[in-house]
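Just below is one structure, and these are the notes that go with it.
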Amino acid sequence: DQQVKQNSPSLSVQEGRISILNCDYTNSMFDYFLWYKKYPAEGPTFLISISSIKDKNEDGRFTVFLNKSAKHLSLHIVPSQPGDSAVYFCAMTQGAQKLVFGQGTRLTINP
Amino acid sequence: NAGVMQNPRHLVRRRGQEARLRCSPMKGHSHVYWYRQLPEEGLKFMVYLQKENIIDESGMPKERFSAEFPKEGPSILRIQQVVRGDSAAYFCASSPAIVTIAKNSPLHFGNGTRLTVT
């Protein structure tokens with residue numbers, strides 16, 4: 001029973017272009033959505049979040065979009081930089097602090 | 001201001017042995033969460049504890065796994081009689097009391113313990 005899916009295991013983007021990472025979910029009760037970034041041999045690091053009452057949140061180069069009717073979450077990174085190469089996880093929660101994670105997308109930024 | 005500290009970073013155990021994973025939360029944090037990441041998968045919730053109390057253990061396997069967070073000292077995730085399928089990265093996160101994710105207080109994770117069962 002996979003409530004949160006990241007259908008692209010990997011993504012390759014040219015430096016300077018836009019990276020778009022996607023996430024779909026099935027549980028309409030989720031009310032808070034987050035993106036985490038993970039480098040090898042490190043723990044996930046919080047990147048950006050959005051609550052269910054909004055459809056967009058921006059922080060510098062990172063923008064998260066939420067489409068509740070489609071149950072779809074996306075992360076845009078522009079312009080992409082080599083240091084952005086990492087595994088990106090979407091995560092979501094229903095009220096409490098228990099996070100449900102997607103499987104991750106490995107982003108590679110090519111110089 | 002130290003972050004979430006986990007040790008050991010790497011742990012190798014033979015089948016049937018016990019594994020003990022430790023997590024010291026960030027200073028001032030009284031809530032601890034354990035997550036497991038199997039190879040090529042996302043993180044899966046295991047258990048949520050506060051000092052001397054298990055709040056939610058709905059993600060813990062029914063047998064061989066236990067967790068505690070004593071009044072003094074780190075939180076311990078204990079796996080008895082390990083099997084090859086227990087090989088994974090185990091991550092701990094912490095948060096202050098009361099504050100929830102919905103109030104812009106995302107979980108902060110440690111760097112994990114990578115358990116290998118041979």
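Each chain gets a letter, A, B and so on, in the order the sequences are listed, and its residues count up from 1.
Comparing A:G102, A:G104, A:P44 by heavy-atom pairs within less than 4.5 Å of chain B, the highest count is held by A:P44.
Grouping the Ile, Leu, Val, Met, Phe, Trp and Tyr side chains by contacts below 4.5 angstrom, directly or via other members, places A:V13 with A:I77. Hydrophobic cluster membership is shared by A:V64 and A:L66, with clusters built from Ile, Leu, Val, Met, Phe, Trp and Tyr side chains linked at under 4.5 angstrom. Note on A:I50 and A:M92: same hydrophobic cluster, where clusters join Ile, Leu, Val, Met, Phe, Trp and Tyr whose side-chain heavy atoms are under 4.5 Å apart, directly or indirectly.
The neighbour count for B:R15 CZ, taken as heavy atoms of other residues, nucleotides or ligands under 6.0 Å away, does not exceed 12. Atom CZ of B:R13 has more than 12 heavy atoms from other residues, nucleotides or ligands within 6.0 Å. Remark: A:K54 NZ is loosely packed, at most 12 non-hydrogen atoms of other residues, nucleotides or ligands lying under 6.0 Å away.
Expressed to the nearest 0.5 Å, how far CZ of B:F91 lies from CD of A:E42 amounts to 9.5 Å. From B:L107, atom CG reaches atom OH of A:Y36 across 4.5 Å, with rounding to the nearest 0.5 Å.
B:F109 and A:F46 have their aromatic ring centers separated by at least 6.0 angstrom.
Screening residues 54-68 of chain B for salt bridge (Lys or Arg N to Asp or Glu O under 4.0 Å) gives A:K98-B:D56, B:R64-B:D86 as the qualifying pairs, with residues at least two apart or on separate chains.
Between A:F89 and B:E41 the shortest heavy-atom distance is CE2-O, 4.2 Å.
Only the side chain of B:Q37 comes within less than 4.5 Å of a heavy atom of chain A; its backbone N, CA, C and O stay farther away.
Between B:F45 and A:V100, every side-chain heavy-atom pair lies at or beyond the 4.5 Å cut-off.
Between the side chain of B:Y35 and the main chain of A:L99, a donor-acceptor pair closer than 3.5 Å is present. With hydrogens and angles disregarded, a donor-acceptor distance shorter than 3.5 Å links the side chain of B:R9 to the backbone of A:A41.
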